[in-house]
J.: 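Next up is a structure, given as structure tokens.
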Amino acid sequence: MDVLSYFNYWVVVVLMMLGFFIVIARANLVKKLIGLNIFQTSVFILYISTGKVAGGAAPILTEGVTLYSNPLPHVLILTAIVVGIATTSVGLALVIRIHAAYGSVNQNDILQQDQQC
Amino acid sequence: MELLVNSVLLMLLVATAGALVVVRGLLASTMLTSVYGLLSASFFVTMDAVDVAFTEAAVGAGVSPLLLLLTVAAIGRGEPRAAGALPILAIVLVTITGALLIIGTLDMPPFGSADAPAHTHVAPRYLQLSGEEIGIPNVVTSVLASYRAFDTLGEVLVIFTAGVAVLLILATPGQRGSARPRYTPGSHSEPHTILQVVSKILIPFILLFALYVQFHGEYGPGGGFQAGVIFASGIILYGLLYGLPTVCRVVRPAVVETLAAVGVLLYGTTGLLAMLDGRPFLDYSVFAANPVLGQHIGILLVELGVGITVASVITVIYYAFANQFEMAEG
Amino acid sequence: MLSQLALLPVLLPLIGAPACAVLRRPTAAWAFASTVAVLAFVAAAALLQATARQGVIHYAFGGWAAPWGIEYRIDLLNAFVLLLVSGIAAVVLVASRASVWHDIAENRRTLFYVACLLCLAGWLGIAATGDAFNLFVFLEISSLATYALVACGRDRQALVAAFNYLVMGTIGATFILIGIGFIYMLTGTLNMADLAQRLPGLGESRTVFAAYAFIVVGVCLKLALFPLHLWLPGAYTQAPAIVTAYVAATATKVALYVLIRFSFSVFHLESSRLALSLEAVFISLGVVAVFAGSLVAVFASNLKRALAWSSIAQIGYMAVGVGIGTVAGVQASLIHLFNHALMKGALFLALAAIAMRVGGNELQALRGIGRRMPLTSAAIVVAGISLIGVPGTAGFISKWYLVTAALAREQWLLALLIVAGSLLTAVYIWRFVETAWLDQNPAQPATPPQEAPPLLLAGTLLLALANIYFGLDTRLPVGTAAGAAAGLLGDSAAGLLGHPPAPLPGAGAP
Amino acid sequence: MSAVLAILSGACLLLGSFLLLTGALGFLRFADFYARLHACGVTETLATALIILGLMLLSDSYLPPFKLLLILLFVLFSSPTASHALAKAAWNAGVRPRDNQGKRDLPLPAGER
């Protein structure tokens, strides 16, 4: 098995793990959303890597070019990017309201305040 | 050469993500997120995904850091805290996920191989036939706006939902109407003369460029979504420099909120017209006797709907966030 | 006309949502949203009848043929879930006005109904689509709208619940996206029917295994299958009363549909090497969920929270059905999916009425509620005994089929555990009966009856009575579920159970 | 002719890259915020201009150089403005110039805050 041929995918896996780790391990809610962002973006990188054809050109039809990269993952990821920013904005809106209600955006503080009452 | 660029970009991505794990300040994290977005956009260019790169540059390096910044401005930077106990559960979960992902890669077709199933089954038709079936050079636009147009309608609906959700969450009780900013003159203590002059020169060109991206998306990278983001960024730039009340007088929130719905409805109506003729939803051949011309008209309308909704929703979200910031200030 | 029918249930709320946003008056928004939901329900009923009569209905968007364009392939299972979700949504939305006016500030009401319609569009889009990626897109529409709806709760804890839901929901969705990406890499297609044909040819690919694992974990997060249920109690308890009724009766059902669709019709789990280990996973997690959920519910001091945990338990039953993995097991799971939606719809609507009159759902505050709100309390009891599974109610039918399916596989212990779980259910339902009628509040003089507002009461009673109706006339859920399960597992032996899939009495039944 | 152009363009690209490198070095090594900003702000504008010029020389049709020219104009406007905005924000936030070792704030001329 050619190690190089999977190198891209493995790096992407590392990126996903880092993003996922931030989501779970950090108590700050904004940080969690940032982690989520990294996690999602890494999945986009996975998809786009799938679409690459070695020696291919960008999928814009040009005369004299016969080998193009796969346009389908691009279309899917365009949609997924939109989903990502939509999620981020809703999450941040929630964070602002949580801060107004609790005076903190730290998960542990919030948990503590909820348990007190 | 390509491999070198590739590897360097990937390593930079890993470094950025690693820094994000370590860094605790929210402002620094926001900047790193922006860097991550820009790097991944560059990576997408090397992967031939120019449309995606364009979008990621606008969203990952532009809009989402902007929203993060507005949030940080509204809630305060917060004190960076020392690390607590080692998050064992998180490490275990992440390791399991990572292991599963690695297992998943083992039987994958090698990177870049042209005979992978993904490149031999559905996609070839798009590359071979879209030229005559749709008649536009940008295959991504063909697939996006025609072959998989229903997905794109879903995408527009997602962004519309985000707008609705943000307004619903941030609408303060007791306030009439939705999240309307208050008109407080002079909320910016200091005039930014240089910035204002430069932005006054640039903003018309930004809006012009947005229109170019909107209507050139069939031929080059770009399209409704990217155009919408750029258009909104022009408005946001104006708002950042002249204050929310001023920009709200120029671009009224009520109008923008209505436009967000109008864009989706434009898309939906374009699809419905085909149904009235007894054809499937989003069949553009209804628009002209010549199917290729019909596709052209359909794609134009649909992309326009996308552009209108995206520009309005992003503006609406900016208004809602900036309003929170001004309330936190005042 | 018939050719467009497949799209109609999804299209109505999908176009209706932005149209609703243009309306200015909240009352108009409510009337509009309710009308749209009712119309979607009528369309779904017609669609179910059409599928029962003529089999699978294809609909190719934009006129592009299947693997290249997006396709709807409506079979009995799709139509069944469409009917259920749109039906519940119609009842809840029509009944919602009083409760929403009570819970939601005036300037939010229009947007609230827009979000409700977006949710509905998302759920119906998931249930109808034949394209894996399209499913992800609609999943996100419904999720985003749900987060916002949950955040509308009166307490500040609603915000935290919504945030947790958002984080876990997004992780789930991203896992699903990873899974879809893997199978796309291996097959080059996103169309589910096409995937189903191409996946078995890949043999023992580790990538297929990982793809299935990611999709299952992602869907189970949305489904709130134990131990991935952490978002559910908070979200259900803190959401506005009407949102709980709206979401509890539908969202997890749609997630279960996705699980079943991917397991049996895309990955063909029943014929794969994975079947055995997954059977063990689903059955054991399901049983644990039944007991853990029920036990927490028994000790909860808030009735809404108790019922939220009860949902986790009931999801456990459905998972057990999927785990059994036979036609009978999947059929039982689908029947319970249907019946549980009726039960929880009725229960949470009743709680919405009580929250309006009493100001909360704490058990302590409910003392003597049986005399103050006799009809609403009666509805709770009816839905409650259905939840327990007493003969004559819809719940009995689900349990019966589940036990039968377990026994057919000679899983005696499993059958016993299913029955034992019902006893725990009886405990927390009894606690309500005790509080409502037997436990008089000494400080409070006998107050005159103060029933729920008429529409809300009507909706509650309709769903409660549906629990009885479908306990007696089981043709609709049982027949359709049998046909759907047989269609999934590619097995015509469903007739063995004596329920031919086809004949449906007036598909417009409640 | 084309050889001359190629050499010219190569020289521009190399010089531009070198300037970027020095800017980055200054950004890392200089003592205080303003010096660092100066290092990368000044070099960046010239370096970008040189790189764009080099790319323009490489092209053999009219459209790409025209687009590059527009980009160059945009950069010439936006890059100094961005530096200005950063410096102003830093000043408003209370960041003061420091001595060569970056140890203490420099005394300000009379009349300044």
Side-chain angles (χ1 to χ4, degrees), chain B residues 97 100-101 103-109 116-123 125-126 146-151 153-155 157-158 160-162 164-169 171-178 257-258 260-265 268-269 271-272 274-275 278-285, chain C residues 3-4 7 11 14-15 17-19 21-22 59-64 67-70 105-108 111-112 114-115 118 121-122 125 131 133-134 137-138 140-141 144-145 147-149 151-152 159 162 178 182 184-191 194 198 205-211 213-214:
Chain B
T97 315
L100 197 54
L101 279 164
I103 291 176
T105 61
L106 292 181
D107 285 337
M108 271 180 195
H119 308 315
T120 52
H121 181 37
V122 170
R125 171 181 168 141
Y126 299 141
S146 188
Y147 292 105
R148 294 186 69 88
F150 191 57
D151 256 359
L153 177 57
E155 170 192 325
L157 218 58
V158 166
F160 177 72
T161 312
V164 170
V166 167
L167 282 183
L168 199 53
I169 292 168
T172 15
Q175 202 181 12
R176 293 274 311 164
S178 36
E257 282 165 29
T258 313
V262 167
V264 186
L265 286 173
T269 320
L272 280 175
M275 288 178 84
R279 290 178 220 205
F281 190 62
L282 291 168
D283 188 340
Y284 302 143
S285 53
Chain C
S3 59
Q4 309 283 9
L7 177 60
L11 195 62
L14 198 147
I15 303 286
V22 184
Y59 191 91
F61 284 91
W64 300 113
W68 296 285
I70 291 170
E106 203 231 326
N107 60 343
R108 286 182 176 185
L111 284 176
F112 180 87
V114 177
L118 287 167
D131 188 277
F133 193 81
N134 194 244
V137 175
F138 278 82
E140 281 298 320
I141 296 175
L144 283 172
Y147 308 146
L149 288 176
C152 286
L159 298 168
I178 295 175
F182 279 6
Y184 173 71
M185 271 185 203
L186 292 174
T187 59
T189 184
L190 293 162
N191 183 287
D194 203 15
R198 295 175 146 256
S205 165
R206 284 166 289 191
T207 307
V208 174
F209 165 74
F214 274 106

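Labels below follow one simple rule: chain letters A, B, ... track the order of the sequence lines, proteins then strands, and each chain is numbered from 1.
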J.: Side chain, backbone, both or neither: which part of C:Ala151 has an atom under 4.5 Å from a heavy atom of chain B?
T.: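 The side chain, not the backbone.
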J.: How far does CG of B:Leu157 sit from CG of C:Leu14, to the nearest 0.5 angstrom?
T.: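 Here the interatomic distance stands at 5.0 Å.
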J.: Please lay out, stage by stage, how C:Phe61 and B:Arg148 fare under the test side chain to side chain contact (heavy atoms under 4.5 Å, CB included).
T.: CA-CA 8 Å; C:Phe61 284 91; B:Arg148 294 186 69 88; over 6 Å; no
J.: Of the listed residues (C:Leu159, C:Leu149, C:Ile141), which shares the most heavy-atom pairs with chain B below a 4.5 Å separation?
T.: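 Winner by heavy-atom pair count: C:Ile141.
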J.: With a 4.5 angstrom heavy-atom cut-off, which part of C:Phe182 approaches chain B: side chain, backbone, both or neither?
T.: side chain
J.: Top residue by heavy-atom pair count (under 4.5 Å) with chain C, among B:Val164, B:Leu272, B:Val264?
T.: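 That would be B:Val164.
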J.: Taking every heavy-atom pair that is under 4.5 Å apart, which of B:Gly104, B:Ala165, B:Ala261 has the most such pairs with chain C?
T.: B:Gly104
J.: Please confirm whether B:Phe150 and C:Phe138 have ring centers closer than 6.0 angstrom.
T.: yes
J.: For chain C, which candidate among B:Arg125, B:His121, B:Glu155 shows the most heavy-atom pairs at distances under 4.5 Å?
T.: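 Of B:Arg125, B:His121, B:Glu155, B:His121 has the most heavy-atom pairs under 4.5 Å with chain C.
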J.: Among C:Met185, C:Glu140, C:Arg198, single out the residue with the greatest number of heavy-atom pairs under 4.5 Å to chain B.
T.: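 Of the options given, most contacts go to C:Arg198.
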J.: Could you give the distance from CG (C:Leu7) to CE (B:Met275), rounded to the nearest 0.5 Å?
T.: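 So the gap between those two atoms works out to 5.0 Å.
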J.: Would C:Val137 and B:Leu153 satisfy side chain to side chain contact (heavy atoms under 4.5 Å, CB included), going step by step from the backbone distance to the final call?
T.: CA-CA 10 Å; C:Val137 175; B:Leu153 177 57; over 6 Å; no
J.: Between B:Ala149, B:Ala118, B:Gly263, B:Pro109, who has the most heavy-atom pairs with chain C when the cutoff is under 4.5 Å?
T.: B:Ala118
J.: Measuring heavy-atom distances to chain B, does C:Asn191 have an atom under 4.5 Å in its side chain, in its backbone, in both, or in neither?
T.: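 Contact with chain B: none, neither part.
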J.: Please check this pair: side chain of B:Asp107 against backbone of C:Arg206, looking for a donor-acceptor N/O pair closer than 3.5 Å.
T.: yes
J.: Report the distance from atom CD1 of C:Ile70 to atom CG of B:Asp151, rounding to the nearest 0.5 Å.
T.: 3.5 Å
J.: Non-hydrogen atoms of chain B under 4.5 Å away: do they reach the side chain of C:Leu118, the backbone, both or neither?
T.: side chain
J.: Is C:Tyr59 close to chain B through its backbone or its side chain, or both, or neither, when contacts mean heavy atoms under 4.5 Å?
T.: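 The side chain, not the backbone.
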J.: Is the backbone N or O of C:Trp68 less than 3.5 Å from a side-chain atom of B:Tyr126, with the two atoms forming a donor-acceptor pair by type?
T.: yes
J.: Measure from the side-chain N and O atoms of C:Gln4 to the backbone N and O of B:Arg279, and report whether any donor-acceptor pair falls under 3.5 Å.
T.: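 Confirmed, C:Gln4 side chain pairs with B:Arg279 backbone.
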J.: For the residue pair B:Tyr147 and C:Trp64, is the inter-centroid distance of their aromatic rings smaller than 6.0 Å?
T.: yes
J.: Side chain, backbone, both or neither: which part of B:Thr161 has a heavy atom under 4.5 Å from chain C?
T.: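 Both backbone and side chain.
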J.: Roughly how far, to the nearest 0.5 Å, is the CD1 atom of C:Ile15 from the CG atom of B:Leu265?
T.: 6.5 Å
J.: Which bit of C:Ala211 comes within less than 4.5 Å of chain B, counting heavy atoms only: side chain, backbone, both or neither?
T.: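 Neither the backbone nor the side chain of C:Ala211 comes within 4.5 Å of chain B.
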J.: What part of C:Thr189 is in contact with chain B, defined as an atom under 4.5 angstrom from a non-hydrogen atom: side chain, backbone, both or neither?
T.: both
J.: Picking from B:Val158, B:Thr105, B:Leu168, B:Leu282, which has the most non-hydrogen pairs under 4.5 angstrom with chain C?
T.: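 Answer, by heavy-atom pair count under 4.5 Å with chain C: B:Leu168.
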J.: Quick check: closest heavy atoms across C:Ala21 and B:Phe160, and the distance to 0.1 Å?
T.: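 Closest heavy-atom pair between C:Ala21 and B:Phe160: CB-CZ, 3.8 Å.
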J.: Chain C heavy atoms under 4.5 Å from B:Thr97: which part of the residue, side chain, backbone, both or neither?
T.: both
J.: If you count heavy-atom pairs under 4.5 Å with chain B, which of C:Thr187, C:Leu190, C:Asn134, C:Leu186 comes out on top?
T.: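 Result: the option with the highest number of such pairs is C:Asn134.
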J.: As an exercise, state the distance from CG of C:Leu111 to CD of B:Glu257, rounded to the nearest 0.5 Å.
T.: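 With rounding to 0.5 Å, CG (C:Leu111) is 7.5 Å from CD (B:Glu257).
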J.: Given heavy-atom pairs under 4.5 angstrom as the criterion, report whether the side chain, backbone, both or neither of B:Leu101 touches chain C.
T.: both
J.: Between C:Gly69, C:Ala213, C:Ser205, C:Gly122, which shows the greatest number of heavy-atom pairs under 4.5 Å with chain B?
T.: C:Ser205
J.: Does any backbone or side-chain atom of C:Phe133 lie under 4.5 Å from a heavy atom of chain B? Answer side chain, backbone, both or neither.
T.: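 Contact with chain B: backbone and side chain both.
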J.: Measure the spacing between CZ of C:Phe214 and CG of B:Leu100 and express it to the nearest 0.5 Å.
T.: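 One gets 4.5 Å once the value is rounded to the nearest 0.5 Å.
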J.: Between chain B and each of C:Ala60, C:Gly62, C:Ala148, C:Ala210, count heavy-atom pairs under 4.5 Å; write down the option with the most.
T.: C:Gly62
